[in-house]
Amino acid sequence: MKITGKALLAGVIGDPISHSLSPRIHNYWLEKYKIDGAYIPLDIPVGNLQKAVRGLTQIPNFRGINVTVPHKESVMAIVDEVDAIAKRIGAVNTLLFKDGRILATNTDAYGFIANLEQTIPRKPWIGKKAVVIGAGGAARAVCVGLLDTGVSEIVLLNRTHGKAEKIQYDFGAGITVVPWVSRSSVLGETSLLVNTTTLGMNGNEPLSIDLDYLPADAIVADIVYKPLETPLLKQARQRGNITVEGIGMLLHQAVAGFEAWFGVKPEVTKELETYVLQATS
Ligand code: ATR
């Protein structure tokens, strides 16, 4: 597609930003749906956040941006409206510029659940227990997604126990916090196990966990996507569990922003996944 003078614009702000896969995802879709538009990486240091974002809203064809580290929490203070799901998660990853106003949301919970549902459409976790490992920003999004999709209980554990307790305090009933040392013994009667920590990522140590108590029909999901198959997913696959890779969450979280900015709901396909992964190898 040629970009004309009428092109619709969007982008992603962060610092650093050069590693972001979002430009690859959105520009793939712009090409696929033959939309006159462009999506660009914007390196915005912390001190320039407010001026930079307000400046972008002065450009009539700039429709909005994704927000990544380190701005996901601080950007909430400079927008006009934060929607309910972003407030619950406590962070924002998508802004829509509309009639001179900045509307903020968070699509990570949707991205996590949409990826699970695309992989396992019969949704066997509904009404059942899930175990979530970690208590950072990603864990908050995963917990919101799982609570809204109807799991009966989330058992949450984190190396730093207090951070898991804070999530329980914020989200209330439905979350049980157990000590980090119980991560293997707590797996009985679990329908879904999710790793939201950075353990297992290239360069980090793997998550040390014994899956012996995990039911054979449980699903194991990781939000890490470098490598695509983490040591946890490999361990789960080798004992026969269904596994869900982290790359799908990244692709699905991009859907809502693209639709809001460019007017087409894009599809997450195997071809897109392969194209995006080429940039990570
Ligand atoms: P994100 O916002 O992407 O979730 P984060 O807020 O830095 O990132 O959270 C990282 C998660 O990985 C946390 O749950 C962290 O545990 P702590 O809260 O105890 O720091 C977890 N994590 C990172 N390195 C870890 C390690 N070596 N062992 C156990 N957990 C680890």
Side-chain angles (χ1 to χ4, degrees), residues 12-17 19-22 46 66-76 82 85-94 104-113 115-116 130-147 154-171 175-187 192-211 220-228 230-233 235 244-254 280:
V12 54
I13 62 164
D15 183 17
I17 202 61
H19 66 284
S20 173
L21 294 172
S22 293
V46 168
N66 283 127
V67 181
T68 188
V69 179
H71 306 307
K72 289 178 92 162
E73 287 97 20
S74 52
V75 79
M76 294 170 86
V82 178
I85 197 155
K87 279 187 189 145
R88 284 166 72 207
I89 296 172
V92 153
N93 75 345
T94 305
T105 188
N106 190 316
T107 64
D108 283 336
Y110 166 84
F112 176 72
I113 296 298
N115 182 40
L116 268 187
V131 173
V132 174
I133 298 178
R140 293 181 74 90
V142 165
C143 286
V144 165
L146 288 176
L147 290 171
I154 295 175
V155 174
L156 185 64
L157 44 105
N158 191 50
R159 176 182 60 178
T160 309
H161 193 76
K163 278 169 70 182
E165 286 181 325
K166 172 74 168 70
I167 295 184
Q168 182 189 38
Y169 176 81
D170 290 346
F171 296 167
I175 299 204
T176 310
V177 177
V178 301
W180 182 240
V181 288
S182 313
R183 60 194 178 282
S184 301
S185 58
V186 83
L187 295 177
L192 174 66
L193 168 65
V194 188
N195 173 48
T196 72
T197 72
T198 48
L199 293 169
M201 193 182 282
N202 284 340
N204 290 357
E205 54 185 299
L207 169 65
S208 140
I209 192 167
D210 180 346
L211 300 181
V220 179
D222 208 322
I223 68 153
V224 170
Y225 55 84
K226 279 184 217 174
L228 200 54
T230 59
L232 171 67
L233 293 184
Q235 196 181 338
V244 180
E245 293 160 346
I247 187 70
M249 177 177 176
L250 177 77
L251 303 178
H252 281 281
Q253 64 75 32
T280 69

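In listed order, ligands and their atoms are each counted from 1. Please read these numbers as outputs of a predicted model, since none were measured by experiment.
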#### Entry: Those residues that, when tested against D170, pass salt bridge (charged side-chain N to carboxylate O under 4.0 Å, His left out) (two or more places apart)
R140, K166
### Task
Identify, with sequence neighbours excluded, every residue that meets side chain to side chain contact (heavy atoms under 4.5 Å, CB included) alongside V181.
P179
### Query
Are I247 and L228 side-chain neighbours, meaning at least one heavy-atom pair lies under 4.5 Å?
yes
List, pair by pair, the atoms of ligand 1 and of the protein that are both N or O and lie under 3.5 Å apart, giving the separation rounded to 0.1 Å.
unit_1, atom_1, unit_2, atom_2, d
ligand 1, 2 (O), G137, N, 3.1
ligand 1, 4 (O), G137, N, 3.3
ligand 1, 4 (O), A138, N, 3.1
ligand 1, 14 (O), A135, N, 3.0
ligand 1, 14 (O), N158, OD1, 2.7
ligand 1, 16 (O), N158, OD1, 3.3
ligand 1, 18 (O), N158, ND2, 2.8
ligand 1, 18 (O), K163, NZ, 2.7
ligand 1, 19 (O), R159, NE, 3.0
ligand 1, 19 (O), T160, N, 3.0
ligand 1, 19 (O), T160, OG1, 2.5
ligand 1, 20 (O), R159, NH2, 2.9
ligand 1, 27 (N), R159, NH1, 3.3

### Which residues share a side chain to side chain donor-acceptor pair (under 3.5 Å) with D222, sequence neighbours left out
N195, T230
#### Entry: Under 3.5 Å side-chain donor-acceptor pair for T107 and N93
yes
### L187 vs I209 side-chain heavy atoms within contact, under 4.5 Å
yes
